Amino acid sequence: MTKPRLYSGMQPSADSLQIGNYIGALMQWREMQQSYDAFFSVVDLHALTVPNDPAELREKTRRTAAQYIAAGIEPSRSTLYVQSHVSAHAELAWILSTVTGFGEAGRMTQFKDKSSRYGTDATSVGLFTYPVLMAADILLYQTDLVPVGDDQKQHVELTRDLAERFNSRYGKAFTVPMPVIQQDTARIYDLQNPTAKMSKSAETDAGVLWLLDDPSKSAKKIMRAVTDSEGSVRYDRQNKPGVSNLLVIYAALSGRQIPSIEDEYAGRGYGDFKKGLAEVVVNEFGPVRERALALLDDPAELDRVLAVNAGKAEEVANKTLADVYDKVGLLRRA
Ligand code: AQP
């Protein structure tokens with residue numbers, strides 16, 4: 001029996017991934033690759049929608065791929081590749097842009113947020129059409145499921161609308177995908193500002209735990225994480241966002257339930273709790289970091305693995321693209 005297909009990706013927007021990317025995405029991908037035919041890409045074309053240094057972007061792309069593998073994505077089981085290595089992504093994005101309404105694209109809240117933050121002159125058309133490229137990523141592979149954070153839900157809804165519109169206008173070319181929305185307990189917040197999502201592009205470093213950081217540096221950041229004055233280790237997202245965030249990280253990485261961690265630290269101070277969490281984080285990330293650094297020590301081998309996987313991705317993607325070209329009436333090259 002064929003397995004249902006899964007698609008997800010991350011932008012190579014920093015030298016290291018952060019713990020939110022690990023807990024919110026990579027840990028789930030690692031689990032899901034067992035039961036799904038999974039495609040995981042490093043979406044470098046998406047990263048171009050904001051200014052980048054070319055040499056740094058190349059390096060970040062390799063680093064992101066290395067961290068996928070170090071975190072347990074198996075390139076012999078899952079199709080792990082770099083988006084720009086498969087030219088069908090950009091080609092399908094063009095076709096989809098012709099069935100996307102201007103107003104429809106303008107309603108995407110992520111674009112509205114970002115463009116109001118940067119101003120229209122500093123906002124590229126690429127940022128505006130970002131969700132159309134994302135739709136192309138997903139639809140090229142006849143994807144059944146797309147695991148995403150709730151901030152991406154609107155983009156998957158657009159993808160579904162475009163797939164349905166295209167299928168009814170030209171005949172069925174796409175599977176209509178379903179989003180799998182990450183649970184709230186998989187959402188990680190900034191250690192210094194625990195009501196804001198932890199992010200690769202956070203303005204300050206002190207609130208972000210990086211996968212590739214020296215473990216002692218991560219331990220220090222945990223010891224300095226913002227808590228509250230109550231002094232009890234208790235989950236209450238509303239009133240105790242700092243402690244709740246630390247509990248979520250603890251539970252996710254140790255595989256334990258939050259109440260059992262609360263029991264363990266009942267009547268003990270935040271210092272003890274933070275020390276315990278630092279140990280959990282260092283134990284989990286130490287080996288991931290070492291594996292990633294070892295992979296990055298041999299970039300030629302990493303590039304070879306990525307090339308093999310790009311070949312696997314291309315086989316599926318080119319088939320969809322050829323069908324779409326036929327359906328919209330492009331003349332086949334003789
Ligand atoms: N704080 C988080 N908690 C849980 N999950 C998170 N993800 C990101 N931050 C958290 C998940 O990681 C994947 C990364 O997707 P992305 O790189 O395309 O962009 P993003 O979601 O915008 O992640 P960042 O780290 O905040 O990057 P920048 O700063 O570049 O925008 C997604 O699956 C996301 O849900």
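Hydrogens, waters and symmetry mates play no part in the numbers below; they use all other heavy atoms, side chains included. Start at 1 and go down the list; that is how both ligands and their atoms are numbered. Here the structure is a predicted model, which is why all the values come from computation and not from measurement.
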In ligand 1, the atoms that come under 4.0 Å of a heavy atom of Gln11 are 16 (P), 17 (O), 18 (O)
Look at Arg5 together with Asp144 and state whether they make a salt bridge at an N to O cut-off of under 4.0 Å.
no
Of all protein heavy atoms, the one nearest atom 9 (N) of ligand 1 is Gln18 NE2, 3.1 Å
Contact region, His46 to ligand 1, non-hydrogen atoms below 4.0 Å, reads neither
Heavy-atom nearest pair, Pro287 first then Val282, reads CD-O, 4.2 Å
Under 3.5 Å side-chain donor-acceptor pair for Tyr325 and Glu91:
yes
Taking every heavy atom of Thr123 against every heavy atom of Leu127, the minimum-distance pair comes out as CG2-CD2, 3.7 Å
Report task. Answer yes or no for atom 6 (C) of ligand 1: protein heavy atom present at a distance under 4.0 Å? Result -> yes
closest protein heavy atom to atom 35 (O) of ligand 1 is Gly149 N, 3.4 Å
heavy-atom search around atom 4 (C) of ligand 1 in the protein gives Ala186 O, 3.1 Å
Ranked by distance from atom 26 (O) of ligand 1, the top protein heavy atom is Ser199 OG, 2.6 Å
Taking only Lys NZ, Arg NE, NH1 and NH2, and the carboxylate oxygens of Asp or Glu, determine whether Asp323 and Lys319 approach each other closer than 4.0 Å. no
Salt-bridge test for Asp303 and Arg62: reply yes if a basic N is under 4.0 Å from a carboxylate O, no otherwise. yes
So is Asn21 close enough to ligand 1, meaning a heavy atom under 4.0 angstrom away?
yes
Residues Val99 and Glu104: closest non-hydrogen pair is O-OE1, 4.4 Å
Closest to atom 15 (O) of ligand 1 among protein heavy atoms sits Met10 CG, 3.8 Å
In this structure, atom 17 (O) of ligand 1 is nearest to the protein heavy atom Lys200 NZ, 2.5 Å
shortest atom 3 (N) of ligand 1-to-protein heavy-atom contact is with Ile188 N, 2.9 Å
re atom 29 (O) of ligand 1, the protein heavy-atom contact at minimum distance is Ser201 OG, 2.4 Å
